[in-house]
Amino acid sequence: MLEEDASRRWHGEEDLGEKRKQGGFKTVPFILANDFCDRFATIGFNANLITYLTQQLHLPLVEASNTLTNFHGFSNLTPVIGGLVADSFAGRFWTIAAGSIIYQLGMVSLTVSALLPSLRPPPCSIGQHTCARASAWTLLVLHLSLLCTSIGTGGTRPCVMAFGADQFELDRPRHGGAKQRWSFFNLYFFGVELAKLAAITLVVYIQENVGWGWGLGVPTIAMLAAVTAFVSGYPLYVKMVPGGSPFTRLAQVAFAAFRKRNVTVPTDPRLLYYDKVLDAGISTAGRLLHTNQLTFFDRAATVTDGDLTSSGVPRPWRLSTVHRVEELKSIIRMLPIWGAGILLVTSASHNHSFAIQQARTMDRRLTAHLEIPPASMLIFSNIAMLATLALYDRVLVPWLRRLTGQPTGITHLQRTGIGLTISMLSNIVSAVVEAERKRTAARHGLLDSPGATVPMSVFWMAPQYAIHGMADAFMDVGRMEFLYDQAPESMRSSAAALYWLTMSAGSYMGTLLVTTVHERTKGEGEWLQDNLNRGKLDRYYWLVVTLQVINVVYFVICAKLYTYKKLEVVNQEGTDDREEKGSEEKHVELQPLKDSDEKDIELRPLLSSDP
């Protein structure tokens, strides 16, 4: 009976009618409404924090920049834990709900601290050069608030996108499911950019012109709306059942392979261990096929004496199935590609710190009485990304699909590589514009007047933001598509967490880079200082460009060597007809299953090896 039930789940027959009532595009409004409000709140909360730290709490520029970078680093580290919790036992829905509530607690705390004068240092007097910085108590409240938002982020970031893509998991490729999933990714990032656009115009304006109480209170209210929108769609969602701790399975494979390090692996992969019933819960869309890479781990699927109990059940720390071995191989193969994103985040970390301070020194007048807030320069990045996403999804993808035969037009790695290259241009423009800004300050005798407005329009900075937005349209979507497509299905929240872990590592590397440059260039020629007119920020940008060139070369090498996962797929009707899984390459090996094979699952494989 157990094998029969597992087989029905494998073939997609169990509760199929009920599942068809759930998921699909009817869930998108609830998910995207949640994410729109969430991102509106998050960006409105974070976009102008550098101004809050320097103008309200009177922290030095480098300290404020590193505080923000470290905060972003921790915020992007907690999704690893959130993804593990979701995949192991809680499920994505409840992980998102809990994370949203914790995040809101942090926002409420920081909003209250902005409203209470006792939690802020006294404002600076006109002409005062040295202002009283925030007290230890004020900084403690700040860091506790940021800690709550970081923990809450760990529940939402790794799960929202994967949860949205889950709503199309039951649609097989013949019904357009793969294309719908990748359209969902583009739609998701489009919604994110709309939220950013609203935040950096409305919220930043309120913060600069009305006050920080309302400036932080509006995102806090938006976060409440996000939770309400998400929970209201509960009956419509496809909620994937957690398959148990994926990291435990990976650890079991690694331990078993090391334990059998002296065991000879069979030359015929068909002699490795397969168990269809055991893997049913973690391979509902198909099992991973054996690959000839990282063959050391094949020892974990090599049967030896004592690996099976008397009833034929495998001992998990001694014997793993081929599917579980390939799960570990898939993650390991993804890591070099994942690593290329770290320096990418580092190279963009200044957009929320130094670039905003640059904009503050420039002529920001739109009219005689209206100035654009420095943080609102991010609007050009958002508009460019929105335009690029729309053009890419509606124009380029259909054309490229006909040309290449790929459902996504070009592969995810090609899309990411294009984004990495465009990103370099953004920092080249940043360096050129900063050099021109300093020359303008020198011509007007403003080198020692950091508070004065340099007579140079802030819109000189628009191209660098726009180019960065174009790059993000390729990089961010491409990297997330790659992680979702190539990760084992039972680890997709954890794989999404890898995306945010890249952000974390890149943020911490940004802190390290800024600190190192600051320490190494101290003195008369200091690159990074509060007086940007005397600093050499343009040299910092050129240093970042150099690192990016090295990173692009590294990425191209990794992409050339990467091997896509191979998956056996069974369609919903449960016949021997096979369909392709994923959209990256035609890399699927399709082998028929025979019902007679199910009875002999201990030593005789159900799947054939590579041809």
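Side chains are part of it too, since the values below use all heavy atoms of this structure and drop only hydrogens, waters and symmetry mates.
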Original post:
Is it true that a side-chain atom of Thr411 and a backbone atom of Gln414 form a donor plus acceptor pair closer than 3.5 Å?
Top reply: yes
**OP:** Determine yes or no for a side-chain-to-main-chain donor-acceptor pair under 3.5 angstrom, with Thr78 supplying the side chain and Ser150 the backbone.
**Re:** yes
Subject >> Where Ala90 and Thr95 come nearest, the two heavy atoms and their spacing >> reply: CB-OG1, 3.6 Å
**OP:** Tell me whether the centres of the aromatic rings in Phe474 and Tyr392 are closer together than 6.0 Å.
**Re:** yes
Original post:
Centroid-to-centroid, Phe482 to Tyr562, below 6.0 Å?
Top reply: yes
Original post:
Where is the tightest heavy-atom contact between Pro219 and Val203, given as atom of each residue plus distance?
Top reply: CG-CG1, 3.8 Å
Subject >> Derivation and outcome, side-chain contact (heavy atoms from CB on, under 4.5 Å), residues Met377 and Ile356 >> reply: CA-CA 8 Å; Met377 288 302 296; Ile356 292 177; over 6 Å; no
Original post:
Where the side chain of His468 meets the backbone of Ser381, is there a donor-acceptor pair that is under 3.5 Å apart?
Top reply: no
Subject >> Worked check of side-chain contact (heavy atoms from CB on, under 4.5 Å) between Leu513 and Leu547 >> reply: CA-CA 11 Å; Leu513 182 62; Leu547 296 176; 4.3 Å; yes
Original post:
Any side-chain donor paired with an acceptor under 3.5 Å for Gln548 and Ser423?
Top reply: yes
Subject >> Atom of Arg333, atom of Thr291 and distance for their closest heavy-atom approach >> reply: NH1-OG1, 3.3 Å
Original post:
Is any side-chain heavy atom of Tyr465 closer than 4.5 Å to a side-chain heavy atom of Asn382?
Top reply: no
Original post:
Atom CD1 in Ile331, atom CH2 in Trp338: separation rounded to 0.5 Å?
Top reply: 11.5 Å
Subject >> Phe230: partners by ring-ring contact (aromatic ring centres under 6.0 Å, His included), with sequence neighbours left out >> reply: Phe93, Phe163, Tyr237
Subject >> Parallel, tilted or perpendicular: rings of Trp94 and Tyr234 (30°, 60°) >> reply: tilted
Subject >> Spatial distance of atom OG (Ser330) from atom CD (Gln293) [nearest 0.5 Å] >> reply: 10.0 Å
**OP:** Would you check if Val432 and Tyr541 make a side-chain contact, meaning some heavy-atom pair closer than 4.5 Å?
**Re:** no
Subject >> Nearest heavy-atom neighbours spanning Thr149 and Tyr103 >> reply: O-CD1, 3.1 Å
Subject >> Heavy-atom pair with the smallest gap, counting every atom of Ala559 and Ile337 >> reply: N-CD1, 3.7 Å
Subject >> By ring-ring contact (aromatic ring centres under 6.0 Å, His included) - contacts of Tyr205 (at least two apart) >> reply: none
**OP:** Just do the side-chain contact (heavy atoms from CB on, under 4.5 Å) check on Arg249 and Leu328 with the steps written out, would you?
**Re:** CA-CA 8 Å; Arg249 292 198 304 275; Leu328 178 58; over 6 Å; no
**OP:** Taking side chain to side chain contact (heavy atoms under 4.5 Å, CB included) as the test, write out the residues that go with Ile221, two or more places apart.
**Re:** none
Original post:
Taking atom CD1 of Ile422 and atom OG1 of Thr388, what is their separation to the nearest 0.5 Å?
Top reply: 7.5 Å
Subject >> Euclidean distance, Gln486 CD relative to Thr563 OG1, rounded to 0.5 Å >> reply: 10.0 Å
**OP:** Check whether any side-chain heavy atom of Phe380 sits under 4.5 Å from a side-chain heavy atom of Met385, and report yes or no.
**Re:** no
**OP:** List the steps, then state whether side-chain contact (heavy atoms from CB on, under 4.5 Å) holds for Glu434 with Trp460.
**Re:** CA-CA 9 Å; Glu434 171 59 11; Trp460 276 76; over 6 Å; no
Original post:
With distance as the sole test, does Arg479 use its side chain to make a donor-acceptor pair with the main-chain N or O of Thr502 at under 3.5 Å?
Top reply: no
**OP:** With the side chain counted from C-beta on, respond yes when Arg287 and Lys276 share a heavy-atom pair under 4.5 Å apart, and no when they do not.
**Re:** yes
Original post:
Is the closest side-chain heavy-atom distance between Ser100 and Met223 below 4.5 Å?
Top reply: yes
Original post:
Quick one: side chain to side chain donor-acceptor pair (under 3.5 Å) partners of Gln464, sequence neighbours excluded?
Top reply: Ser430
Original post:
If you measure from the Lys or Arg side-chain nitrogens to the Asp or Glu carboxylate oxygens, is any gap between Glu326 and Lys329 under 4.0 Å?
Top reply: yes
Subject >> Residue pair Val458 / Ala359: nearest heavy atoms and the distance that separates them >> reply: CG2-CB, 3.7 Å
Subject >> Side-chain donor/acceptor of Thr546 to backbone N/O of Trp542, under 3.5 Å >> reply: yes
Original post:
When you measure from the side chain of Thr346 to the backbone N and O of Gly506, does any donor-acceptor pair fall under 3.5 Å?
Top reply: yes
Original post:
Short question: side chain of Lys565, backbone of Pro488 - any donor-acceptor pair under 3.5 Å?
Top reply: no
Subject >> Pairwise side-chain contact, Val322 with Leu288, heavy-atom cut-off 4.5 Å (strictly under) >> reply: no
Original post:
Who passes side chain to side chain donor-acceptor pair (under 3.5 Å) against Thr321, sequence neighbours left out?
Top reply: Asp279
Subject >> From Leu403 atom CG to Ile410 atom CD1, the distance as rounded to the nearest 0.5 Å >> reply: 11.0 Å
Original post:
Which side-chain hydrogen bond (donor to acceptor under 3.5 Å, both in side chains) pairs, counting each pair once, include a residue from residues 551-560, with sequence neighbours left out?
Top reply: none
Original post:
Atom CG of Leu391 and atom CE of Met470: how far apart are they, to the nearest 0.5 Å?
Top reply: 9.0 Å
